[in-house]
Amino acid sequence: MSKELPEQASVVVIGGGVIGASIAFHLAESGVSDVVLLEKDELACGSTCKAAGGVRASFSNEANIAIGLRGLDVYSRFAQEYHQEIDFSRDGYLYLLSDQANVDIFTESVALQNRHGVPSRMVTPEEAQKISPLISTDGLLAASWSPQDGKATPESVVMGYAAAARRHGARIIRHCAVTDIESTGGTITAVVTEHGRIKTDTVVCAAGAWSSGIGNMLGVNIPVVPVRRQIAFTEPLSELPESSPSLTIDFPSNFYFHPEGKGLLLGWSDPNEREGFNLRFELEDWLMGLGAIAETRVPAVLDYGISTGWAGLYEVTPDRNQIIARSTEVEGLLIATGYSGHGFLMGPATGEIVRDLYHGKEPEYDISSFALDRFAQAGIGAGETNIV
C-alpha cells in the first residue's frame, strides 16, 4: 500500500471504508485496470470501525430490502470467497414496539419484507421476551422479529475487500488526503492530494461523513451531515443469556444492545445530538439518557458498570436514504454516500451498483430513489422508516 502516486488512473475512489473498499474491488474485478483508492488515514478508520456490525434486510423501503438481502448473502459466504474471517452470524433483529403508530408501520413493513422473501414476522411481547430474555415487557404492545438478520466485523470486511481489490490490480494508498479535484468545462481532469496529483476523468466519492467537502471541491452540493453516535460496553454480566438477537432495538428511542464478549454492547441515538464532527466519547449526559430508557426496557443493564466505549459518525441525508448516483452536474463524478448508519450492510450491493454505473449498465437494483437530484425537487419522497 505505497504512498507513491501514479501519474494517472481510470478511477479514483475517495474513502477507505467498507463502501470505498467494495467499490474498488468490484471495479478492479470487472476489468478496470488502474483503480486507485485514496484514504486520508487508515483503512476502516472512519465510521466503519465504529459501526455495531449489524447486517439486515428488515427495512421499509423495497430497494433497501433488496440491498440488505444482498449484504446478508455476500457476508454469509465472505470467509470462503474472500479468504477473510468476518465473524458473521445470523441471530436476528428484534424491534420492540410500545406505541400503536409504530406497530402499524412495522406491520406494513413486515408484509413488504415477506413479499420479498424476508421471513420476518410480528410477535407478542411474551414471544419477544423469549427471544431476548433480558428485556422487560412493561409497556410493550408488540415486536417485529427478523430471524435471518445478523452481524459481522466491519474492519475484517474492509480488509477482505481491500486484499481482493489489490489482487485484481487496484492500488490502495493510505495517509493521503484529497485536497482538491480539478475539472475543465464540467469534466473531471485530476485529483490533487497532499502527496501529489493524479490525472483521472472519474472520481467516486465514498467519503462518508466527509462527503460534503468532496462535493464542494467540484461545486456539487452533497447534502450529507455528520452526526455523532456513541456506543458503550458493559462489564461482564453474571448471567448472560445463552442466546440473544444480533440486535434488540427499542423503537423509536433507538436504544439497542447485543452480547459482546461476556457483556453487552449498548447504543443509543441521542435525538438532541448536534450535527458536526464531534468524535469525543462523552458518557455523562448520554449515559443518563440511555439509562432512562434501559430502566424501563432492560433494567438488568443498570446493575453493571461501563468498561469502555467510543464515538463515531453517522452520515445523514435529509430523507435518511443513501445517495448512489452519477452526477448530472459534473461529468465523471460518481457518488456513494449518506447511508445514515447502514453503510456497512449495504457495502456489497453498493460496489456492484457503482461498477455498473461506471460501465454504463443498468444496475440490478432500483436506485431511482437514491438519486442526488431528488433533493432539488419540490418535495422529497418518503425516506427509510426503519432507522437504527
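Just so it is clear, the model here is predicted, and its values are computed rather than measured.
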- Item | E352 and R70: CA distance, side-chain angles, deciding distance, salt bridge (charged side-chain N to carboxylate O under 4.0 Å, His left out) verdict | CA-CA 10 Å; E352 297 168 351; R70 183 58 174 159; 2.7 Å; yes
- Step by step, work out the ring-ring contact (aromatic ring centres under 6.0 Å, His included) result for Y339 and F370. CA-CA 10 Å; Y339 291 83; F370 306 146; 8.4 Å; no
- Item | Residue pair E282, R228: steps toward the salt bridge (charged side-chain N to carboxylate O under 4.0 Å, His left out) verdict | CA-CA 11 Å; E282 298 173 310; R228 181 177 65 167; 2.8 Å; yes
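Note on ring orientation: taking the six-membered ring where Trp is involved, the planes of W310 and F233 are perpendicular (angle over 60°, cut-offs 30° and 60°).
A donor-acceptor contact closer than 3.5 angstrom links the side chains of S269 and R229. Side-chain atoms of Q322 and H342 form no donor-acceptor pair, as typed in the model, at a separation below 3.5 Å. Of the N and O atoms on the side chains of E42 and H175, at least one donor lies less than 3.5 Å from an acceptor on the other residue.
Residue L141 is grouped with residue V110 when hydrophobic side chains (ILVMFWY) are merged at heavy-atom distances under 4.5 angstrom, including chains of intermediate members. Under a hydrophobic clustering in which Ile, Leu, Val, Met, Phe, Trp and Tyr are joined whenever their side-chain heavy atoms come within less than 4.5 Å, directly or via other members, F257 and L240 fall into the same cluster.
Between the CD atom of Q148 and the OG atom of S58 there is a distance of 11.5 Å, given to the nearest 0.5 Å. Distance CZ/R374 to CG/N321: 6.0 Å, rounded to 0.5 Å. Rounding to the nearest 0.5 angstrom, the gap separating the CG atom in L97 from the OG1 atom in T107 is 8.0 Å. Atom CD1 of I19 and atom CD of E315 lie 7.5 Å apart (nearest 0.5 Å). For the atom pair T337 OG1 and I214 CD1, the distance stands at 10.0 Å (nearest 0.5 Å).
Between R197 and E7 there is no salt bridge, since no side-chain N of the basic residue sits under 4.0 Å from a carboxylate O of the acidic one. Using a 4.0 Å cut-off between charged nitrogen and carboxylate oxygen, R174 and D41 do not count as a salt-bridge pair.
L334 places none of its side-chain heavy atoms less than 4.5 Å from the side chain of V13. In this structure, the side chains of L345 and D149 stay at 4.5 Å or more apart for every pair of heavy atoms. Side-chain contact between N386 and Q113 is present, with heavy atoms from C-beta onward closer than 4.5 Å. You'll find the side chain of C205 reaches within 4.5 Å of the side chain of I222, heavy atoms only.
Looking only at distances, a side-chain donor or acceptor of S60 sits under 3.5 Å from a matching main-chain atom of T385. A distance-only check finds a donor-acceptor pair linking the side chain of S211 to the backbone of G208 [under 3.5 Å]. Under the 3.5 Å distance criterion, the side-chain polar atoms of T317 are matched with a main-chain donor or acceptor of R320. The closest donor-acceptor contact from the side chain of S22 to the backbone of G347 lies under 3.5 Å. A donor-acceptor pair is defined here as one N or O able to donate and one able to accept, closer than 3.5 Å; no such pair exists between the side chain of N64 and the backbone of E384.
Less than 6.0 angstrom separates the ring centroid of Y161 from the ring centroid of Y82. Aromatic ring centres of Y95 and Y256 lie farther apart than the 6.0 Å criterion allows. Between F277 and W210, the distance separating the two ring centers is shorter than 6.0 angstrom.
In this structure, R56 satisfies the cation-pi test against F59, with its NZ or CZ atom closer than 6.0 Å to the six-membered ring centre and inside 45 degrees of the ring normal.
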